[in-house]
Protein chains: 2
Amino acid sequence: MKTVLIGFGFIGRSLVNTIRKKIDILKKKKIDFKLVGIGELAGYAYDDDGLNLDYVSSLNDLSKHSESFFKGKTSVELIEKSEADLLIETTPTNFLSGEPGLTHIKTALDIGIHVVTSNKGPLVLAFKKLSNLAEKRGVELKYEATVAGALPIFTMVKNCLQGDTIQKISGILNGTANYILSKMYFDGTSFDLALKEAQERGITEKDYTYDVEGIDATCKVVILANSLMGRNVKFNDVDRVGISRVTPEAVSLAKRSGYTIKLIGTIDKDLEVTPKLIPENHPLCVHGTLNALHIETDLAREITIIGYGAGRETVSAMVNDIISVSNSNNRIK
Amino acid sequence: MKTVLIGFGFIGRSLVNTIRKKIDILKKKKIDFKLVGIGELAGYAYDDDGLNLDYVSSLNDLSKHSESFFKGKTSVELIEKSEADLLIETTPTNFLSGEPGLTHIKTALDIGIHVVTSNKGPLVLAFKKLSNLAEKRGVELKYEATVAGALPIFTMVKNCLQGDTIQKISGILNGTANYILSKMYFDGTSFDLALKEAQERGITEKDYTYDVEGIDATCKVVILANSLMGRNVKFNDVDRVGISRVTPEAVSLAKRSGYTIKLIGTIDKDLEVTPKLIPENHPLCVHGTLNALHIETDLAREITIIGYGAGRETVSAMVNDIISVSNSNNRIK
């Protein structure tokens with residue numbers, strides 16, 4: 001499995017570090033993982049025999065990989081020259097242009113390279129286009145990490161609910177907004193104070209409105225709707241209300257009646273992201289930075305899945321995607 | 001997919017009825033489902049061209065299927081003569097002998113027939129033996145419905161957490177016990193009264209001690225441990241305490257401190273089923289007849305899955321198993 005990785009930030013590094021530790025487990029699964037290139041802004045590291053994962057993991061600055069670092073070269077060049085089986089794309093999400101991820105993913109799919117990505121931007125902007133391209137080229141496009149981090153929502157629906165018809169999905173899709181609302185619920189603090197604490201803990205996006213105005217959650221609603229419910233929707237098809245105007249009084253009033261206020265993304269006939277009253281005893285009512293997805297189907301009726309939506313745990317979803325792609329790649333060969 | 005079904009009780013009938021309604025969806029997935037035989041105590045119905053699912057579903061008594069009913073013939077004979085690809089086994093669970101399911105499953109696997117079952121007994125008594133036999137014969141043995149009904153725990157761990165190492169599993173594995181404890185928690189009733197209400201609702205096993213003394217949950221712990229954590233354990237390896245001695249006072253005391261009492265099955269270093277204090281805000285704290293499983297892993301850290309553990313919803317898991325088996329069967333052919 002000749003692989004190139006684009007993006008060597010927190011997720012990219014965590015992934016390399018995890019694969020390094022799990023290389024024997026992968027071998028047992030008959031996956032011969034070989035990372036031949038890592039691309040980032042300044043250039044790329046490349047070794048056709050496979051980069052040394054221990055060494056690469058130890059570098060703070062990839063360009064210090066003196067022998068193998070090609071300064072000034074672009075990630076697109078890396079993808080094109082690599083003859084890789086798999087591209088792992090972990091550059092930061094850009095909701096407006098999708099770049100640079102969109103070009104990376106398109107380039108790879110177009111020349112028949114499987115893609116595993118954690119980058120929401122390209123999927124929000126061009127889900128249909130990219131999945132059609134993948135299908136046409138006979139390669140896989142996997143994006144488990146893009147929605148609700150470690151929660152395997154896409155793989156679960158596709159592999160565990162094959163006979164079910166999905167009727168509705170609703171969920172807590174942004175851990176930071178949930179942290180703020182939980183803080184308000186348990187401590188009675190104001191939105192501003194809770195936001196400040198979230199920022200101090202380093203769990204908000206650089207632009208915190210992405211979390212609190214439901215922009216991030218909206219992107220996830222778009223991906224869920226397109227991937228799991230056969231829609232073809234865009235960002236603006238989602239009705240969106242954030243949590244910045246939720247008052248401590250509203251939270252306390254809800255609490256006295258056995259309810260919490262949660263920022264809920266819903267994929268039903270209509271699509272929305274909006275604060276909703278959730279009964280304290282409902283499975284969706286989880287606190288802190290947890291994410292939760294509630295799936296309504298014709299057979300299982302309702303299934304809820306809860307876990308961490310961001311951070312290091314996201315690597316679980318990416319490793320699973322990589323193993324799935326390798327398995328189907330081995331099958332074809 | 002030439003199929004025989006053994007057991008035509010609630011689950012068997014619900015399954016036939018569901019497949020009948022979903023036959024077009026199955027065809028779209030390139031699954032040509034043909035039910036050639038149904039076995040029950042009095043004999044079996046058989047038609048090599050496929051039984052008419054509409055007609056079979058409409059019968060209260062299978063032996064009324066006059067043309068095709070072979071009275072006095074055994075299900076083992078049906079399996080042996082059928083040349084089927086798949087056996088669906090839905091006879092009632094017997095924890096002591098595993099029969100008649102154990103013989104049905106053994107017979108099928110031994111002559112190279114895939115098995116999908118909802119019957120816990122054979123798996124509790126002979127998990128290792130049956131999985132080894134399936135492997136040796138190159139066929140699938142699927143049992144998603146045996147633990148936590150509609151919750152796809154086995155498929156989820158095997159398909160969605162392929163890179164994760166499972167460290168611990170704990171869960172609410174019996175909906176009836178959870179119903180009783182929820183009743184005590186919300187209404188302050190005694191165990192006896194809550195049990196009576198569960199019996200009136202028809203949600204207890206014939207022998208209610210299976211639910212309240214943790215016997216049913218223990219069986220599920222055994223299957224989870226053997227299937228997902230590589231153990232080779234039996235019923236008696238699980239420390240078991242039921243809920244019949246949980247008092248309203250204990251429940252109320254817990255409640256005042258923000259806790260609930262739940263019957264929790266745990267697969268860790270040791271195996272146990274016992275009432276435990278669960279914080280009200282913990283994802284495992286779900287009420288009514290819901291089941292919940294909490295999985296701890298090295299990468300995803302913790303994932304909880306919640307849903308219905310018994311009843312019609314169980315069919316979701318069985319249909320998924322059938323589709324998975326069909327897909328791998330198609331691949332081999």
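These figures come from a predicted structure and were not determined experimentally. All chains are named by letter (A, B, ...) in the order of the sequence lines, taking the proteins before the strands, and each is independently numbered beginning at 1.
Put simply, of B:T155, B:V315, B:T304, B:V319, the one with the most heavy-atom pairs under 4.5 Å next to chain A is B:T304. Of all the listed residues (B:L26, B:D298, B:I295), the one sharing the greatest number of non-hydrogen pairs under 4.5 Å with chain A is B:D298. Chain A forms more heavy-atom pairs under 4.5 Å with one residue of B:H287, B:H294, B:R301 than with any other, namely B:R301. For the options B:A150, B:P152, B:C160, heavy-atom pairs under 4.5 Å to chain A are most numerous at B:C160. Ranked by non-hydrogen atom pairs under 4.5 Å with chain A, the options B:E280, B:E144, B:K22 are led by B:K22.
Note that the CG atom of B:L299 and the OH atom of A:Y308 stand 14.5 Å from one another [nearest 0.5 Å]. Here CD1 of A:I323 is found 11.0 Å from CG of B:N159. Values are rounded to the nearest 0.5 Å.
Interface remark: A:F186 contributes side-chain atoms only to the contact with chain B (heavy atom separation under 4.5 Å). Proximity to chain B is absent for every atom of A:T297, based on heavy atoms less than 4.5 angstrom apart. For a residue to count as touching a neighbouring chain, one of its non-hydrogen atoms must lie under 4.5 Å from one of that chain's; by this rule A:L290 touches chain B with the side chain only. If you measure heavy-atom distances from A:S14 to chain B, you find no contacts under 4.5 Å at all. Of the atoms belonging to A:K29, it is side-chain heavy atoms, and not backbone ones, that fall under 4.5 Å from chain B.
The number of heavy-atom neighbours closer than 6.0 Å to CD of A:E135, taken from other residues, nucleotides and ligands shown, is 12 or below. Remark: A:Y259 OH is loosely packed, at most 12 non-hydrogen atoms of other residues, nucleotides or ligands lying under 6.0 Å away.
Between the side chain of A:N320 and the main chain of B:Q162, a donor-acceptor pair closer than 3.5 Å is present.
A:I303 is listed as a side-chain neighbour of B:L151, based on a closest heavy-atom distance under 4.5 Å. Looking only at side-chain heavy atoms (C-beta outward), A:I305 and B:M156 come within less than 4.5 Å of each other.
Between the side chains of A:S316 and B:D164, at least one donor-acceptor pair of N or O atoms lies under 3.5 Å.
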